[in-house]
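One structure below.
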Protein chains: 2
Amino acid sequence: MLLELLKKELSYFTERQYKRNQIIYNEGDAPDGLYFIESGIIGLFHVSESGHETLLRVFSKNYIFGHRSLIAQENYHASSICLTPSRIYHISSSKFKELYTRNPEVLFEISKILAKELRASELRLSGLQDKSANRRIVESLVYLKLKHPNYTWTRKEIAEFAGSTFESVVRVMTGLQDLGLIEKKGRDFQVFDFEKMIDHSTTL
Amino acid sequence: MLLELLKKELSYFTERQYKRNQIIYNEGDAPDGLYFIESGIIGLFHVSESGHETLLRVFSKNYIFGHRSLIAQENYHASSICLTPSRIYHISSSKFKELYTRNPEVLFEISKILAKELRASELRLSGLQDKSANRRIVESLVYLKLKHPNYTWTRKEIAEFAGSTFESVVRVMTGLQDLGLIEKKGRDFQVFDFEKMIDHSTTL
DNA sequence: CGATAGATTGAGAGTTTTCAACCGATGTGG
DNA sequence: CCACATCGGTTGAAAACTCTCAATCTATCG
């Protein structure tokens with residue numbers, strides 16, 4: 001929906017190339033327009049005062065990012081970093097304003113995205129208090145691997161998404177392999193049965 | 001900002017009265033327009049599968065709620081419950097659409113609210129992994145009591161906001177009283193020094 | 001082939017919750 | 001206005017979960 005709207009307006013955007021691990025914007029920076037992903041995977045990371053990292057969201061093809069700060073008119077509360085090499089369109093704040101003034105549908109679609117992201121965040125908030133670390137790790141494994149089957153997620157990234165430690169992720173993955181639900185392949189892994197994994201998340 | 005816009009449109013709204021503990025809408029219900037608070041305090045609670053409750057947000061005078069589901073076009077992911085008797089304006093989904101079509105500024109302001117709520121939620125997500133329970137409890141105490149000095153927050157509500165248990169809240173409050181930073185008054189309490197409380201949150 | 005980043009495993013430590021018992025405040029009906 | 005019921009608060013001790021730390025191993029890449 002938003003996709004079609006933005007594709008029609010690509011002349012407003014400029015395309016940029018980013019390398020793996022390249023920072024697109026940093027926590028604390030002033031908002032700098034809207035980003036729209038042509039290819040690649042981008043992680044949104046928050047680093048707390050004490051140095052703890054959290055993987056808040058994962059963005060990829062045909063999705064936008066930078067929208068939260070842009071709309072809120074607040075500095076970024078987290079940093080966007082490329083997990084893979086990426087091609088990304090960028091539109092300046094002023095051109096973005098021009099765009100949604102001319103086409104209010106764009107604003108509505110972005111609101112919708114914000115609303116869905118808020119739901120997801122609040123459900124994670126609840127899950128963090130309610131679910132065991134193992135359960136959260138399994139769910140994160142399923143979520144991340146379903147979303148990006150070909151990307152090799154590190155244990156650290158998975159832990160930072162699940163709200164746990166990479167050692168705990170390792171233990172859960174070993175357990176799942178013993179149950180025959182996943183198979184480790186070098187640093188990567190393959191999932192055989194997404195459904196059963198969640199059932200076994202208390203068994204580990 | 002949104003306040004002025006909505007006040008001009010009160011003829012679009014109908015006013016309703018709610019009692020303490022009355023449920024305004026339930027988790028799982030289809031979205032039902034927008035709510036705008038004339039008076040009272042409303043809590044947004046999520047109850048997980050296992051029965052764990054989380055206090056996600058607190059709404060009060062001149063603020064809206066129900067906007068997330070309305071914009072996302074998703075069922076409510078949490079329930080809105082009156083913490084005090086409340087007077088609340090309500091606008092139907094169709095009239096709301098009419099309103100923001102005629103006045104796109106309204107939509108922009110609501111997007112802004114969503115964006116700020118997303119930030120707050122994600123920072124809590126990070127804090128939940130990063131900060132000690134005591135620290136989170138102290139911060140919640142400060143946040144809730146600064147926001148509503150006259151409301152008697154129960155230990156349970158504070159715990160459900162902080163992501164802890166009511167017993168832990170009790171222990172933290174006893175510690176703060178021993179330090180002379182708060183004073184308990186029956187079930188209520190008074191804060192003497194909001195600043196110092198956070199400093200002492202690791203000491204407890 | 002060596003260097004480095006990432007993965008694995010075990011044992012120990014610490015924080016936080018859970019459970020249980022008891023206390024105090026608040027409000028209602030007789 | 002008192003008595004009692006109920007809801008919320010308090011405290012202590014034990015248990016559990018998860019993390020931390022350290023040592024070792026393996027994959028990957030120049």
Side-chain angles (χ1 to χ4, degrees), chain A residues 19-21 48 50-55 83-85 127-141 144 151-178 182-190 201-204, chain B residues 19-21 48 50-55 83-85 127-141 144 151-178 182-190 201-204:
Chain A
K19 296 175 185 160
R20 173 168 159 72
N21 290 328
S48 75
S50 70
H52 185 99
E53 291 192 25
T54 307
L55 175 49
L83 301 182
T84 67
L128 218 39
Q129 295 161 55
D130 182 52
K131 295 172 183 166
S132 71
N134 284 1
R135 170 78 188 246
R136 297 194 313 266
I137 290 168
V138 170
E139 289 184 0
S140 301
L141 235 30
L144 294 172
Y151 176 68
T152 301
W153 294 98
T154 66
R155 315 312 191 233
K156 184 163 170 283
E157 286 161 355
I158 296 164
E160 285 170 359
F161 188 81
S164 182
T165 58
F166 72 94
E167 293 98 326
S168 293
V169 171
V170 168
R171 286 182 239 273
V172 166
M173 288 179 69
T174 304
L176 289 170
Q177 175 155 256
D178 292 348
I182 69 172
E183 185 178 2
K184 293 189 219 168
K185 291 182 164 184
R187 286 179 178 160
D188 201 5
F189 62 95
Q190 195 193 332
S201 59
T202 43
T203 323
L204 297 168
Chain B
K19 295 174 186 161
R20 173 167 158 74
N21 289 328
S48 75
S50 70
H52 185 99
E53 292 192 25
T54 307
L55 175 50
L83 301 183
T84 68
L128 219 38
Q129 296 160 53
D130 182 52
K131 295 172 182 165
S132 72
N134 284 1
R135 171 78 188 245
R136 298 195 312 267
I137 290 168
V138 170
E139 289 184 0
S140 301
L141 235 33
L144 294 173
Y151 176 67
T152 301
W153 295 98
T154 66
R155 314 310 191 235
K156 184 163 171 283
E157 286 160 355
I158 296 163
E160 285 170 359
F161 188 80
S164 181
T165 58
F166 71 94
E167 292 98 327
S168 292
V169 172
V170 168
R171 286 183 240 272
V172 167
M173 289 178 69
T174 303
L176 289 171
Q177 175 154 256
D178 292 349
I182 69 171
E183 184 177 3
K184 294 190 216 167
K185 290 183 164 184
R187 286 178 179 162
D188 200 3
F189 62 96
Q190 196 193 331
S201 60
T202 42
T203 324
L204 297 168

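Fair warning: this is a prediction, and the values are worked out from it, not measured in the lab. Atoms considered below: every heavy atom in the structure, side chains included; atoms not considered: hydrogens, waters and symmetry mates. Here is how names work: the chains are called A, B, and so on, in the same order as the sequence lines, proteins then strands, and each is numbered from 1.
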Q. Looking just at side-chain N and O atoms, do A:Lys131 and B:Ser50 make a donor-acceptor pair shorter than 3.5 Å?
A. no
(Q) Measuring from the side chain of A:Arg187 (C-beta onward, heavy atoms only), which nucleotide among D:dT18, C:dA7, C:dC19 has the closest atom? (A) C:dA7
Q | Of the listed nucleotides C:dG10, C:dT8, C:dT17, the one nearest the side chain of A:Val170 | A | C:dT8
Separation of atom [atom1] in [X] from atom [atom2] in [N], rounded to whole Å:
{"X": "A:Asp130", "N": "C:dT17", "atom1": "CG", "atom2": "C1'", "answer": "14 Å"}
{"X": "A:His52", "N": "D:dC19", "atom1": "NE2", "atom2": "C1'", "answer": "11 Å"}
{"X": "A:Ile137", "N": "C:dA7", "atom1": "CD1", "atom2": "C1'", "answer": "14 Å"}
{"X": "A:Phe189", "N": "D:dA27", "atom1": "CZ", "atom2": "C1'", "answer": "16 Å"}
{"X": "A:Asp178", "N": "C:dT9", "atom1": "CG", "atom2": "P", "answer": "9 Å"}
{"X": "A:Met173", "N": "D:dT26", "atom1": "CE", "atom2": "C1'", "answer": "14 Å"}
{"X": "B:Phe166", "N": "C:dC19", "atom1": "CZ", "atom2": "P", "answer": "11 Å"}
{"X": "B:Gln177", "N": "D:dT11", "atom1": "CD", "atom2": "C1'", "answer": "14 Å"}

Q) Of A:Lys185 and A:Ser164, whose nearest nucleotide on DNA chain D comes first from the 5' end? A) A:Ser164
Q) Taking the nucleotide of DNA chain D with the closest heavy atom to each, which residue, A:Asn134 or B:Gly186, is nearer the 5' end? A) B:Gly186
Does [X] put a side-chain nitrogen or oxygen below 4.0 Å from OP1 or OP2 of [N]?
{"X": "A:Thr154", "N": "C:dA5", "result": "no"}
{"X": "B:Lys184", "N": "D:dT10", "result": "yes"}
{"X": "A:Arg155", "N": "C:dT8", "result": "yes"}
{"X": "A:Thr165", "N": "D:dT18", "result": "no"}

Q | Charged N-O contact under 4.0 Å between A:Glu139 and A:Arg135 | A | yes
Q: Before accepting this row, confirm whether a basic side-chain N of the pair B:Glu160/B:Lys156 lies closer than 4.0 Å to the acidic partner's carboxylate O.
A: yes
(Q) Main chain of B:Leu83, side chain of B:Arg20: is a donor-acceptor contact present, judged purely on distance under 3.5 Å? (A) yes
**Q.** 5′-ward residue of the pair A:Arg171/B:Ser168 relative to DNA chain C
**A.** A:Arg171
**Q.** Atom pair CG/CD1 of A:Leu141 and A:Ile158 - distance to nearest 0.5 Å
**A.** 5.0 Å
